[in-house]
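Here's the structure we're looking at; comments come further down.
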Amino acid sequence: MAREAAGKPPEEILLDWKREQASLKARVVDQDTEAWQLDPAFSGLQRVGGVDVSFVKDDSGSACASLVVLNYPELEVLYEDCRMVTLTAPYVSGFLAFREVSFLVDAVQRLQEREPCLMPQVLFVDGNGVLHHRGFGVACHLGVLTDLPCIGMAKKLLQVDGLKNNALHKEKIQLLKAGGDSFPLMGSSGTVLGRALRSHDHSTKPLYVSVGHKISLEAAVRLTHSCCKFRVPEPVRQADIRSRDYIRRTQEVQGAPDPQSGRSKEAQRPKACPQGVSEEPAGTSKGTSAGGKACPRF
DNA sequence: GCGACAG
DNA sequence: ATCTTGTCGC
């Protein structure tokens, strides 16, 4: 029988988790590693991904993990993967990755097997990167495990290392006048852990952006702004919408049809595949290592 | 007892 | 995260 996500884990487990975070943290790259990240218009960037996990209302063990891939700069959905999963670990602030990240890694691996050509060049993660109790949030964790550039994006300020959502912080938010405006989040250690970003002109509540892996904070903030049609970056927003929709469809009972059904006009069918790479003789692993479809560069 | 608490 | 409708505004 599958264990259920129960109360807070014993101290012994938390120590294990902390040791794992410390170990993986050594592999985080907090600078730009890709050419497109340095380009003012991000030219060369064609695919951005987003991940999210949504939960079933009265079942702390069931959730839907989703990965979506959008083209850039159009931000149209090219790929969607929603999958019901059984959660093992409870949510503990500072250890979000131990609850969710394995399912996100699975989704990335499925994409690699099914449609390697659609592998995103960067992933937006719903949660923090280095803006974290021990400098290793879920965006770093997923980045290190997949080796993909990742951006941490939280909707609320995690009050760590002296950061506080107090009156002074709120004053700084008031000074953000236009989409793209931001200010640094400086920890007591003197390190900038992330930036509060006004993600677009008509959004008052900021996003908290931090480095996940293989991207600089500056590029992460600029790209986040560039991917916002609304407050939340489109990749994460689509992953959220589609995972919730998936749960709603799954939980729908025959005898009690939901009067709200036909509501989500946002979740439409993915567009057709990009580069007309229809078939490739199997066994010719040009673009990638794992077996399955190949992804030729020319 | 009080505040904090990514998702 | 989830519980929840209408409502004000462009």
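Labels below follow one simple rule: chain letters A, B, ... track the order of the sequence lines, proteins then strands, and each chain is numbered from 1. Note that these values count all heavy atoms, side chains included, but never hydrogens, waters or copies made by symmetry. Note that the structure is predicted; figures quoted are calculated from it, not measured.
Contact annotation for A:Val92: no contact, since no heavy-atom pair falls under 4.0 Å across all strands. As judged by a 4.0 angstrom heavy-atom cut-off over every strand, A:Phe95 is placed among the base-contacting residues. Within the nucleic acid shown, A:His202 has no heavy atom closer than 4.0 Å to any nucleic acid atom. Residue A:Gly94 is in base contact, counting any heavy-atom pair closer than 4.0 Å across all strands shown.
Proximity of a side-chain donor or acceptor of A:Asp52 to a complementary backbone N or O of A:Val236 within less than 3.5 Å is not detected. Formation of a donor-acceptor pair under 3.5 Å by the A:His213 side chain with backbone atoms of A:Leu148 is not found in this model. Looking at A:Gln121, its side chain does come within 3.5 Å of a backbone N or O of A:Arg47 through a donor-acceptor pair. Counting only distance, with no hydrogens or angles, the side chain of A:Asp181 and the backbone of A:Arg198 share no donor-acceptor pair below 3.5 Å. For the pair A:Gln37 (side chain) and A:Glu34 (backbone), a donor-acceptor distance under 3.5 Å is present.
Straight-line distance between the C1' atoms of C:dT2 and B:dC5: roughly 15 Å, to the nearest whole Å. The same atom, C1', is picked in C:dT4 and in B:dG3; the two are 26 Å apart, to the nearest Å.
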Identify all side-chain donor-acceptor contacts of residues 149-160 of chain A below 3.5 Å with residues at least two apart in sequence or on another chain.
unit_1   : atom_1 : unit_2   : atom_2 : d
A:Lys155 : NZ     : A:Asp126 : OD1    : 2.8
A:Lys155 : NZ     : A:Asp126 : OD2    : 3.3
A:Gln159 : OE1    : A:Asn165 : N      : 2.5

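Summarising the geometry, atom CG belonging to A:Leu142 is positioned 11.0 Å from atom CG belonging to A:Leu96; distances are rounded to the nearest 0.5 Å.
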Check nucleotides 1-10 of chain C for protein N or O atoms closer than 3.5 Å to its own N or O atoms and list the pairs.
unit_1 : atom_1 : unit_2   : atom_2 : d
C:dA1  : OP2    : A:Lys155 : NZ     : 3.2
C:dT2  : OP2    : A:Arg244 : NH1    : 3.2

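In the 5' to 3' direction, nucleotides of DNA chain B lying under 4.0 Å from heavy atoms of chain A begin and end at B:dA4 to B:dG7.
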field: Test side-chain contact (heavy atoms from CB on, under 4.5 Å) applied to A:Phe98 and A:His141, step by step
entry: CA-CA 9 Å; A:Phe98 293 93; A:His141 208 130; 3.9 Å; yes

- prompt: Should A:Asp245 and A:Arg248 be marked as a salt bridge (charged side-chain N to carboxylate O under 4.0 Å, His left out) after you check the CA-CA gap, both sets of side-chain angles, and the distance that decides it?
  reply: CA-CA 5 Å; A:Asp245 244 34; A:Arg248 186 182 53 70; 3.6 Å; yes

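With a 3.5 Å limit on both pairing distances and Watson-Crick or G-U wobble geometry required, DNA chain B contains no stem of 3 or more pairs.
For the pair A:Arg222 and A:Phe42, the distance from NZ or CZ to the six-membered ring centre is under 6.0 Å and the angle to the ring normal is within 45 degrees. The cationic group of A:Arg134 lies under 6.0 Å from the six-membered ring centre of A:Phe95 and within 45° of the ring axis, placing it in a cation-pi geometry.
Legend: residues meeting ring pair (Phe, Tyr, Trp, His ring centres under 6.0 Å) with A:His133, ordered by chain and number and at least two apart, are absent.
Taking a cutoff of 4.0 Å between a charged side-chain nitrogen and a carboxylate oxygen, A:Asp147 and A:Lys214 qualify as a salt bridge.
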- line: A correct dot-bracket answer for DNA chain C, with pairs being Watson-Crick or G-U at under 3.5 Å, [ ] for crossing pairs and | for inter-strand pairs, is ..........

